[in-house]
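Please read the structure below before turning to the comments.
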Amino acid sequence: MLTVTQPPVESSLAGIARALVADGRGILAADESLPTIEKRFRTIDVESTEEARRSYRELLFTAPDVEQYISGVILFDGTTHQVDASGTPLVDVLTARGIIPGVKVDRGAKPLAGSPRETVTEGLDGLRERLHDYHERGLRFTKWRAVIAIGDGLPTPYCIRANADALARYAALSQEEGLVPIVEPEVLIDGDHTIERCYDVTEATLHYVFDVLHQHRVDLDAMLLKPNMVLSGKSCPDHATVEVVADMTVRCLLHSVPAAIPGIVFLSGGQTSEQATERLSAMNARAPEVPWQLSFSYGRALQEAPLNAWRGDPANTEAAQRALCHRARLNGAARYGRYEPEMEGELEAAPGGADAA
Ligand code: 13P
């Protein structure tokens, strides 16, 4: 008699991974390290104090209706210890709104011994204990960012392998502690390389990463991939069109990412907010049949508008929240391939929009 194997029973980890890429929603990356948030605040002349960071992030997390478009937020460790005015941890504030809280757990990209122009991401020491503590405090997913630079003779296979090994160890440990890992191998936009070169480096990196994830027995159903889009280098004289970016990115992913992954959540990585939205929308419009959800996990491309609206002044809180919601809504539309550049003006046009505040 033919025995039909039942599909594996849905584990809660796989359920969380799918919830993070639910229809029309994506992830807000608000996990800037202390030096990075200081750099962002400097652009609006705000000093990066504990209280400034807390009130800025609280305004992001409590923006009215933002949960319609934001499924999860990635926090920095410091934020996981902060509380709102009523003493409620910000982690619980998110959970109560139906937004899944996650945390960046790597300790940053450090010079790679033997190849000093490259980096390897550190943070594995003591990671199991830290992950356990995060899970106890209500965090449900994690992120680890590896950085791959393109340049003369770069990247080396050694750098890609060292970073892939760390990503896989991190991902396996996260799943063991009941947390969904977001595996982020970022091929940087910096440089004058062509889009074809970015394609080749991204494809090679993803092949390494999935090979090592398999060796480390990482459950593909219970993780998300956070890659760069395939782009021309920032200072490349020849910039690819939105259609070429969308098609080459999708082709690269089809050639290197297993279909079992529930979702691919792009980083914005130096694109403008509009570019990040338009390119995601083009992918979803032109390739609706891909096996994974194509979504976003943007930092700068979601925060640039609210940061500039806020400028450290509590009187601007509502305007900043509207700016975030507007950006999140446009990216929500991009999830369906329905973003149009004309939608950019809708915030200003709306009565009581940011301009009116
Ligand atoms: P950007 O979207 O600003 O690249 O940030 C996403 C992120 O989380 C990088 O690790």
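Read the numbers this way: they start at 1 and go in the same order the structure lists the ligands and their atoms. It should be emphasised that the depicted structure is a prediction, and the values quoted were computed from it without experimental measurement.
Partner E32 forms a side chain to side chain donor-acceptor pair (under 3.5 Å) with one of R40, K39, Q303 and no other, that one being Q303. Of the listed residues (I261, L254, I264, V257), just one forms a side chain to side chain contact (heavy atoms under 4.5 Å, CB included) with P291, and that residue is L254.
In this structure, a donor-acceptor pair under 3.5 Å is absent between the side chains of T121 and R145. Side-chain N/O atoms of Y134 and D77 include a donor and acceptor closer than 3.5 Å. No side-chain donor from either of R300 and Q271 sits under 3.5 Å from a side-chain acceptor of the other.
Residues lining ligand 1 at a heavy-atom distance below 4.0 Å are given as A29, D31, K143, R145, E184, K226, L267, S268, G269, S297, Y298, G299, R300, ordered by chain and residue number.
The six-membered or imidazole ring of Y298 lies away from that of F266, with a centre-to-centre distance of 6.0 Å or more.
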